[in-house]
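This report concerns only the one structure given below.
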Amino acid sequence: MDFIVNFPLFTIVLSLFSGVLCMMLSGKNARRYTIVYECILIVLVSCVLWYTYTTGAAFTYVMGEFPAPWGNEIRAGVLEASIALLFLIVMLCSVLAGTHFLIDDIDESKLNLYFTLINLMTAALMAMTWTNDIFTGYVFLEILTLTSCGILIVREIGRTTLAAVRYMILNLMGSGLFLLGTVLLYDITGNLLMVPMQARIAELSQNPQNMMIITMSVGILTIGLSIKSGLFPFHYWMPDTYGWATPASGSILSSLVSKCYIFLLIKIYYRVVGIEVFEKMPIRYILLVLGMCGIVFGSVSAIRAGNINRMVAFSSAAQIGYIYMGIGIGGTAGYTAAIFHIMAHAVTKSQLFLTTPRLSEVSDRSLKFKNLRGSGIRDKNAGFFFLIASMSMIGIPIFAGFASKLLFGMAAAENGNSVLIAAVMLVLAASSVLNALYFIRTLLRIYDVSPSDLRVRHTRRPAYNAPMLILTGANLALGLASWFFAGLIGQGLSMFM
Amino acid sequence: MLETLLANYEEAVAVILFGIGLAMLLFQRNLIKKLIGMNIMDSGTFLFLASMGYIEGRDAPIIVDGVTDPSKYINPVPAGLVLTGIVVSVSVTAIMLALTVRLYKRYHTLQLDDIYLLSRHQMEDR
C-alpha cells in the first residue's frame, strides 16, 4: 500500500517522458498513446485519492531524501487528488471529443506535436496540483503558460496567432508579478517550502508592523495569478483565445488552465500565508468586489456577443468571477463553494466548447447566431449536450451549476454580515437571470424549426459521444451528490492546514 | 526615507527596473519593445534576488582550504533561483519572438494596433 505514495511523482515524471516520446511517434500513434496514458494516470490518481480518503491523512513525499529546509517536496491530500482526477478526466474527454476537429485544424505531420504539448501540459497541471514548494509552482506555471500558448497556435490562422500574442503578453505580466511575489515572500521567510514558510509568516504576523510587507507580497502574487486566470478587469483576452482555438484546446484552456492557477492561489493562501493571517488582509474584499463585477460584466458581454463561441467565452469570465467571489466570502464554506465551482465549471464549460463547433459544422461552418438556426435539430447529439450544459450553467436543479450556486448562497449566509449576504444573493439572482437570458435565447435559436434545411446530418461518432456522456455523467454526479463532494472538499481543506 | 532607499539601493533599483519593464509590457504598442520590456522586468526580479543572496564580505559557497563554517559563505539558493528564472525567461522570450515573426510574416507590421485592425476583416468571415 505504501507504494502509492510514489504515484504523484510518477504522474509528473511519466508525463514529461511521454511528451518526449510523442515527438517521435506518428500523429495517430501519439493520439492512441496519449489516450491510453491518460487512462493510466486516472487509475494512478484514483489510487492516491482512495488512499488519502481511507487513511484520512495527507502524505508528503520528500524527493531525493533531502529533509525539509533543503529538499523539494510533493504533497497529496484528498483535495489535491480530487482536483488532479478531475483535471485528468476533463483532459481525456476534451482530447477524445476534439480529435475530429484536430484533424481538420492541424496539419497531419504536426499532429504528434500537439500530443507532445498535451502531455507536457498534463505534467505541469499535475506538478502545480501536487507541489509543496512555491518555486516549483512558479517553474511549472511557466511551463503551463508556454504549452497553453502552444496548443492555441497549432491552428494556423492569423487570428489565433494574434490571440496567442495577447494571451502571452498578459500571462507574462502575470508570471512576472507572481515571481516577484514569490521572491518577496522568500525574502521575508527565508524558505521556499510551504510548511516552514507558513510557520515563519505566522510568527511574523504577530507584529502589526510586518503585516504591511506580507500583505504587499501576497497582493502582488494575487494580482499575478488573477491576471493569468482572467479575473475582471483582465478578462478581455478570453473571447479571442477560447473562441479561435481548436475546440479541444478551447475546452482545455477554459476549463483546466485557468482553474489550475486559481487552485494554486487557494493553496498558497492556505499553505503559505495561512488562512487565519490571510483572512485579516484586505485582499479578500478586493477579490470579492472584482469577482462580483466579473459576474455581472461577463454576463452582460455574453448577452451582447454576436457569435456563440464569444458568448460561451464571456460566460467563462463570469464563472471565474464566481470562484473569486467564493474566495472573497472566505471561511471553509466559501472556499468549499469556490472549489466546488472549479469542478462544476470544468465539466460544464468543456462540454459547451466541444458542442459549439459541431453546431457550427452543420451551419456552413458559421458561429454566428443568425446562421445557427435549427442547428440543434440538424445535429441532434450536439444539440442535446448543449442543452444539458446550458441547463447546468443557468442553475437548474439536479445539475452541478445549481449545487454550486446553492453552496455560494449558503457560504454567504453562514459567515457573512448582512451587507455581504444581500450583495451575494443579489449578484447570484442577477447572474442567474442574465445566464438564463442568453442561454435560453441561444437554445431557442438552435432549436428553431423555421429554417428550410432541417435534414439530420450528424454522423455516428462514438469517439465524440462517449466522452460527452462521461462529462454529462460527471455533471449530474456533482449536482446530485453535491453534499458528498462538498464534504470531500471540506475534508481536503482541513488536511490543507 | 532617502537613507533607507540609499542603504538598499540595489533593491530600489530592482523595483524601479521591474516597474519600467511592466509599464513597457503594458503600454508599448510595438511587439519587440514589449518583449524588451518583459526582459527588463525579469532582470529586475533577478537583480532583487541576487542582491538579497549576497552578504558583504563573504565568499562564494565553494569549499576551499577546508573552511566548512557556513557563516563564511553567501547564501547559494537565490543564485540557483536566478539561474532557473533566466532559463524560463529565455524560453519565454524565444517563443514570443517566434510568434512575432509569424505575425510579421502575415501582417507585415509589428504594431499591435495595426495588426488588430488588419485581422478584423478576417473575423467578419465567420
Side-chain angles (χ1 to χ4, degrees), chain A residues 69-70 135-136 138-143 145-147 149-150 152-153 156-173 175-184 186-188 190-192 220 223 239-240 243-244 306-310 360 363-368 371, chain B residues 11 14-15 18-19 21-23 25-26 28 31 34-35 37-53 75 77-78 80-82 84-85 87-89 91-96 98-107 112 115-116 118-126:
Chain A
W70 294 286
F135 203 79
T136 310
Y138 165 71
V139 172
F140 281 96
L141 179 130
E142 289 283 18
I143 294 179
T145 308
L146 290 178
T147 47
C149 173
L152 180 58
I153 54 170
E156 290 184 66
I157 56 171
R159 292 288 300 185
T160 53
T161 317
L162 184 60
V165 166
R166 297 179 76 199
Y167 177 74
M168 279 299 273
I169 287 167
L170 270 176
N171 263 286
L172 293 178
M173 220 158 69
S175 309
L177 287 165
F178 181 81
L179 178 63
L180 188 65
T182 309
V183 167
L184 283 171
Y186 172 65
D187 207 31
I188 300 167
N191 256 304
L192 286 167
I220 290 175
I223 299 173
D240 275 356
W244 295 100
N307 151 334
I308 192 166
N309 258 5
R310 288 182 80 80
S360 101
S363 313
D364 302 326
R365 295 193 174 269
S366 168
L367 286 164
K368 292 207 163 143
N371 300 328
Chain B
E11 286 80 359
V15 171
F18 188 89
L22 191 68
L25 191 57
L26 259 183
Q28 282 288 348
L31 273 171
K34 264 186 192 293
L35 281 183
M38 185 202 90
N39 274 294
I40 293 176
M41 185 175 87
D42 283 346
S43 306
T45 325
F46 300 149
L47 176 63
F48 190 95
L49 255 178
S51 68
M52 277 296 158
N75 182 0
V77 178
L81 298 186
V82 170
T84 318
V87 172
V88 171
S89 160
S91 43
V92 170
T93 311
I95 199 165
M96 279 302 284
L99 279 178
T100 309
V101 169
R102 207 194 237 194
L103 272 186
Y104 186 77
K105 273 189 182 156
R106 189 178 277 265
Y107 299 107
L112 210 53
I115 296 175
Y116 199 65
L118 285 169
S119 71
R120 268 284 160 97
H121 71 268
Q122 256 192 348
M123 204 175 122
E124 302 304 317
D125 299 346
R126 286 172 70 184

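We name chains A, B, ... by the order of the sequence lines, and we start the count at 1 in each one. None of the values given here were measured: they were computed from a predicted structure.
The CZ atom of B:Arg102 sits 4.5 Å away from the OG1 atom of A:Thr161 when rounded to the nearest 0.5 Å. Rounded to the nearest 0.5 angstrom, A:Leu162 CG and B:Tyr107 OH are separated by 6.0 Å. For the atom pair CD1 (A:Ile153) and CG (B:Leu99), the distance works out to 4.5 Å, reported to the nearest 0.5 Å. Within the model, atoms CE of B:Met96 and CG of A:Leu172 stand 5.5 Å from one another, a figure rounded to the nearest 0.5 Å. Here the straight-line distance linking atom CE of B:Met38 with atom OG of A:Ser175 works out to 9.0 Å at 0.5 Å rounding.
A:Tyr138 is not listed as a side-chain neighbour of B:Thr84, based on a closest heavy-atom distance of 4.5 Å or more. Side-chain contact check for B:Phe46 versus A:Leu179: some heavy-atom pair is nearer than 4.5 Å.
Considering only residues two or more places apart in sequence or on other chains, B:Phe48 meets the ring pair (Phe, Tyr, Trp, His ring centres under 6.0 Å) condition with none of them.
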Trace of the side chain to side chain contact (heavy atoms under 4.5 Å, CB included) decision for A:Val139 with B:Val87: CA-CA 10 Å; A:Val139 172; B:Val87 172; over 6 Å; no

Checking B:Leu81 against A:Leu192 for the side chain to side chain contact (heavy atoms under 4.5 Å, CB included) test, could you report, in this order, the C-alpha distance in whole Å, the side-chain angles of both residues, the deciding distance, and whether it holds? CA-CA 10 Å; B:Leu81 298 186; A:Leu192 286 167; 3.7 Å; yes

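Heavy atoms of B:Val92 lying under 4.5 Å from chain A belong to its backbone as well as its side chain. Of the two parts of A:Ile143, neither the backbone nor the side chain holds a non-hydrogen atom closer than 4.5 Å to a non-hydrogen atom of chain B. For B:Leu31, the part lying under 4.5 angstrom from a heavy atom of chain A is the side chain only. Only the side chain of B:Ile95 comes within contact range of chain A, with heavy atoms under 4.5 Å apart.
Your options are A:Leu177, A:Thr145, A:Leu170, A:Leu180, and the one with the most heavy-atom pairs under 4.5 Å with chain B is A:Leu180. Your options are B:Ser89, B:Pro78, B:Gly85, B:Gly21, and the one with the most heavy-atom pairs under 4.5 Å with chain A is B:Pro78. For the set B:Val77, B:Asp42, B:Thr100, the count of heavy-atom pairs under 4.5 angstrom toward chain A peaks at B:Val77.
Nearest heavy atom pair, residue B:Lys34 against residue A:Ile169, reads CD-CD1, 3.3 Å.
Sorted by first and then second residue, the salt bridge (Lys or Arg N to Asp or Glu O under 4.0 Å) pairs involving residues 161-170 of chain A (not counting sequence neighbours) are A:Arg166-A:Asp240.
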